[in-house]
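I have placed the structure first, in the form of structure tokens, so that the comments after it can refer back to it.
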Amino acid sequence: MRIDIHSSKFALTDSLRSHIERRVQFALSWAYHKLPHIHLRLDDVNGPKGGLDKVCRIQIPVAGGKPVVIEETQTDMYTAIDRAIERAARTISRRLERSRKIGRASCRERVYHPV
């Protein structure tokens, strides 16, 4: 799984990068083979003014469907990252479970039952 991290209006530190990599590995390691890459965009909207302005946007392409896009805004960048990754993991889990159920249902319909 490749993790692309882009930051805007602030420097991406090594500690922030390693935090993101650890959190993604922890939250999405179960889907490692199904998710070839993840895009994270970090932004500080207000700059040094502060406030509720730290944005983490995650985009995860999913084979055979629309990409999962999650955006989280918080006062702390680490909190925004943690919550966005947690939401992305839940969304990916639901999406993959739905596709598995649909796949099983269509297989059952194709089973030949002689009369």
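Keep in mind the model is a prediction, meaning the values are calculated, not measured. In this chain, numbering begins with 1 at the start of the sequence shown.
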Derivation and outcome, salt bridge (Lys or Arg N to Asp or Glu O under 4.0 Å), residues Asp4 and Arg2: CA-CA 6 Å; Asp4 296 327; Arg2 190 179 79 220; 3.2 Å; yes
Audit row: Ile20, Leu42, side-chain contact (heavy atoms from CB on, under 4.5 Å) steps and yes/no: CA-CA 11 Å; Ile20 291 168; Leu42 308 175; 3.8 Å; yes
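Leu12 and Ser7 make their closest contact through CB-OG, 3.7 Å (heavy atoms, listed as atom of the first residue, atom of the second, distance). Residues Cys56 and Ala84 share a closest heavy-atom pair of SG-CB, 3.9 Å. Counting all heavy atoms, side chain and backbone alike, Ala89 lies closest to Leu28 at CA-CD2, 3.6 Å. Across all non-hydrogen atoms, the minimal contact from His39 to Pro61 is CD2-CD, 4.5 Å. Among all heavy-atom pairs drawn from Asp44 and Lys9, the shortest one is O-CD, 3.3 Å.
Under the 4.5 Å side-chain contact rule for hydrophobic residues, Ile5 and Leu35 share a cluster. A single hydrophobic cluster is seen to contain both Ile85 and Trp30, as judged by linkage of ILVMFWY side chains at heavy-atom distances under 4.5 Å, directly or through other members. Hydrophobic clustering keeps Val55 apart from Ile58 (ILVMFWY residues linked when any side-chain heavy atoms are closer than 4.5 Å, directly or through intermediates). Tracing side-chain contacts under 4.5 Å through hydrophobic residues (I, L, V, M, F, W, Y), one reaches Leu16 starting from Ile3; they form part of the same cluster. A continuous path of Ile, Leu, Val, Met, Phe, Trp and Tyr side chains, each step under 4.5 Å between heavy atoms, connects Tyr78 with Ile38, placing both in one hydrophobic cluster.
With rounding to the nearest 0.5 Å, the separation of OG1 in Thr75 from NZ in Lys54 is 7.5 Å. If you take CD1 on Ile60 and CE on Met1, they are separated by 8.0 Å, rounding to the nearest 0.5 Å. Note: Arg83 CZ to Asp76 CG = 9.5 Å, rounded to the nearest 0.5 Å. Here Arg22 contributes atom CZ and Ile81 contributes atom CD1; the two are 10.5 Å apart, rounded to the nearest 0.5 Å. The structure places CE of Met77 at 8.0 Å from CG of Asp53, a figure rounded to the nearest 0.5 Å. A distance of 9.5 Å separates CZ in Arg41 from CZ in Arg57, rounded to the nearest 0.5 Å.
In this structure, Phe10 places its CZ atom where more than 12 heavy-atom neighbours from other residues, nucleotides or ligands lie under 6.0 Å away. More than 12 heavy atoms of other residues, nucleotides or ligands lie within 6.0 Å of CZ in Arg95, so this atom counts as buried by the packing criterion.
No option in Arg87, Gln74, Arg23 other than Arg23 meets the side-chain hydrogen bond (donor to acceptor under 3.5 Å, both in side chains) test with Asp82.
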